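Report on one structure; see the data block that follows.
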2 protein chains.
Amino acid sequence: MLRWKDTNEWCLPGGFIYKEESVDTAAERVLRERTGLGHIYLQQFHLFGEAVRYDWQDTWQRQQIPFPFGSRWPKRTISAGYYALVDYTKVTPTTDFMSDECSWWDISELPSMLYDHRNIVDVALKTIRLQLNWQPIGLNLMPEKFTIPELQRLYEAVLDRPLDARNFHKKITGLNILKRLDERRTGGAHKSPYLYQFDEDNYQKALINGNLIFI
Amino acid sequence: MLRWKDTNEWCLPGGFIYKEESVDTAAERVLRERTGLGHIYLQQFHLFGEAVRYDWQDTWQRQQIPFPFGSRWPKRTISAGYYALVDYTKVTPTTDFMSDECSWWDISELPSMLYDHRNIVDVALKTIRLQLNWQPIGLNLMPEKFTIPELQRLYEAVLDRPLDARNFHKKITGLNILKRLDERRTGGAHKSPYLYQFDEDNYQKALINGNLIFI
DNA sequence: GCAAAAGTGTTCAGTATACACCCATGC
DNA sequence: GCATGGGTGTATACTGAACACTTTTGC
């Protein structure tokens, strides 16, 4: 999220759509401007179209700084929500001209957010939970090499409930979408877990066949 | 679908959004104008935002009738797609000022359609298939009283695959969401099937608990 | 040595699937 | 009487859920 200049207010990154640019293309462009990454998994999930989505005048008066757009700010905005699936260890968020901080937040520790952005996060999460079984969420959200307990923590974060480690291990390896490497991750004060990679061909096949069901 | 005046071209019903009207409200209004029905299950499913979605000038030139909007037609439109779940036996579609026919079509017998509307139908269908287990699709698409084979035909149409009648019967009655009435449907040259009603309370509970899984 | 997390197998219950015959009705 | 579609039960395979101990590593 971005923190607006000279304030403590956070909001999701976003941008405007050019007149002759598709909405999908605009989403890719905004993401690239913000993260430097392209060719990324990006999924539209909802159009936020309330007639009055927030009182920006009030918001800016509370900040006690002049509204930076003046009359150029549109009377009404609708927002198309997109979620990206990125390995956040590879992404260095960068600020834009309106913000002086841009950083990752744990989903369970979000700060208070401007406008209706908290609602946007909630709708995104709900959508991702339902789409977990038919979108390549694991593939895109994990680093290239990872351990099975790390993948389990991703599933637990998305589903917001604990999973049994033995059953998870059994199920995920039984799907035939992982390749175990000879390497292990060392450094923890415990048995070193094996590293795995996704088998992209089999992963795609399993997605198409709807075989990744975790609900 | 609507057939444009003096043409053989069909398209989905749609309309514009007022400046101070939420997108959801506009969808309800357009549906009400077209069907006379309100308080209906209406679900946004996708924003169609291509920069150039169709060449309307070409479309109208092919019709060889003057374009009815002239310069008032916007240079670019984006469309928010909504699907409604209605008992179509209760709905009498009505034309608007641009069309002279409005009627229901079987999903497997759609005519060729204007613009990108065929794509919109395909995206809607794909969405409904995935949401079948978490949206009250059966409840809203069936008449108040119906037989189990009729409900099975709905599921088969949405899922686009045949289901085993014995297993379907067993599963759907086992869900405890149907109430069997003493009436039967007569008139067919075969054993008269029992009529059922949804038990709305139990249906809602089953939806929330995600117990309607058919995939 | 000890704390922390990884790795591993079995049992049980519940659910999905496959499958065939008789019954009621209208014509 | 015959064609049509409705109604029904069982056996099997599969899948999900519950559950505890040993191993490895860093400090």
Side-chain angles (χ1 to χ4, degrees), chain A residues 129 132-134 138 142-143 145-197 206-207 209-215, chain B residues 129 132-134 138 142-143 145-197 202 205-207 209-215:
Chain A
R129 267 174 204 143
L132 179 59
N133 303 311
W134 296 279
M142 297 302 289
K145 300 175 182 181
F146 54 89
T147 69
I148 287 183
E150 285 162 2
L151 183 61
Q152 181 180 340
R153 284 192 283 275
L154 169 65
Y155 272 80
E156 290 177 332
V158 172
L159 296 172
D160 196 27
R161 62 183 168 92
L163 300 172
D164 179 88
R166 275 168 296 186
N167 292 336
F168 184 83
H169 192 284
K170 207 185 330 169
K171 170 147 192 178
I172 207 79
T173 52
L175 290 172
N176 206 26
I177 57 173
L178 297 182
K179 286 182 293 198
R180 190 168 94 168
L181 307 176
D182 290 333
E183 300 172 74
R184 293 153 172 257
R185 181 171 322 285
T186 56
H190 50 76
K191 193 167 175 176
S192 298
Y194 283 100
L195 287 168
Y196 289 79
Q197 275 184 327
L207 276 178
N209 297 328
N211 290 336
L212 297 183
I213 310 290
F214 270 85
I215 305 294
Chain B
R129 267 175 204 142
L132 180 59
N133 303 312
W134 296 281
M142 296 302 288
K145 300 174 181 181
F146 54 89
T147 70
I148 287 182
E150 286 163 1
L151 184 61
Q152 182 180 338
R153 284 193 283 276
L154 169 66
Y155 271 80
E156 289 177 333
V158 172
L159 295 172
D160 196 28
R161 64 183 167 92
L163 299 172
D164 179 90
R166 276 168 296 187
N167 292 336
F168 184 82
H169 191 286
K170 207 185 330 170
K171 169 146 190 179
I172 208 78
T173 52
L175 289 172
N176 207 25
I177 57 173
L178 297 183
K179 286 182 292 196
R180 191 167 94 167
L181 308 176
D182 290 332
E183 300 172 75
R184 292 152 175 257
R185 175 164 335 278
T186 56
H190 50 76
K191 191 167 176 176
S192 298
Y194 284 100
L195 286 168
Y196 289 79
Q197 276 184 328
N202 285 345
K205 280 181 207 156
L207 275 178
N209 298 327
N211 290 336
L212 297 183
I213 310 290
F214 271 83
I215 306 292

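Values in this document were obtained by computation on a predicted structure and should not be read as measured data. FYI, side chains are in, hydrogens and waters are out, and symmetry mates aren't considered; it's all heavy atoms of this structure. Chain naming here is simple, since letters A, B, ... match the order of the sequence lines and numbering starts at 1 in each.
Comparing B:Glu150 and B:Asn167 by the nucleotide of DNA chain D whose heavy atom lies nearest to each, the residue mapping closer to the 5' end is B:Glu150. Between A:Asp164 and B:Arg153, the residue anchored closer to the 5' end of DNA chain D is B:Arg153, taking for each the nucleotide with the nearest heavy atom.
Chain B approaches DNA chain D over the interval D:dA3 to D:dT10, counting the first and last nucleotide 5' to 3' with an atom under 4.0 Å from its heavy atoms.
Atom CD1 in A:Ile148 sits roughly 10 Å away from atom C1' in C:dG7 (whole-Å rounding). Rounded to an integer number of Å, the gap from A:Lys191 NZ to C:dA4 C1' is 13 Å. Taking atom CZ of B:Phe168 as the reference point, atom P of C:dT17 lies 13 Å away to the nearest angstrom.
Within the 4.5 Å cutoff, the side chain of B:Glu156 has heavy atoms near those of the B:Arg153 side chain.
Taking CG of A:Leu195 as the reference point, atom OG1 of A:Thr186 lies at 9.0 Å (rounded to 0.5 Å). Considering CG of B:Asp160 and CZ of B:Arg129, their distance stands at 5.0 Å, rounded to 0.5 Å. With rounding to the nearest 0.5 angstrom, the CG atom of B:Asn202 is 11.0 Å from the CG atom of B:Leu207. Rounding to the nearest 0.5 Å gives a distance of 6.5 Å between OH of A:Tyr196 and OG1 of A:Thr173. The CG atom of B:Leu163 lies 14.0 Å from the NE2 atom of B:His169; values are rounded to the nearest 0.5 Å.
In this structure, A:Leu178 and A:Phe146 approach most closely via the heavy-atom pair CD2-CZ, 3.7 Å. Between B:Ile177 and B:Ile172 the shortest heavy-atom distance is CG1-O, 4.3 Å.
Contacts with DNA chain C (heavy atom under 4.0 Å) in residues 169-187 of chain B: B:Lys170, B:Lys171, B:Gly187, listed by number.
With distances taken from any side-chain atom of A:His190 to the nucleotides C:dA4, C:dG7, C:dA24, the minimum falls on C:dA4.
Within a 6.0 Å sphere centred on NZ of A:Lys171, other residues, nucleotides and ligands contribute more than 12 heavy atoms.
Checked options A:Met142, A:Arg184, A:Arg185, A:Gln152; the residue passing with A:Thr147 is A:Arg185 (criterion: side chain to side chain contact (heavy atoms under 4.5 Å, CB included)).
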For DNA chain C, produce a single dot-bracket line, 5' to 3'. Pairs: Watson-Crick or G-U wobble, both distances under 3.5 Å. Symbols: ( ) within strand, [ ] crossing, | other strand, . unpaired. |||||||||||||||||||||||||||
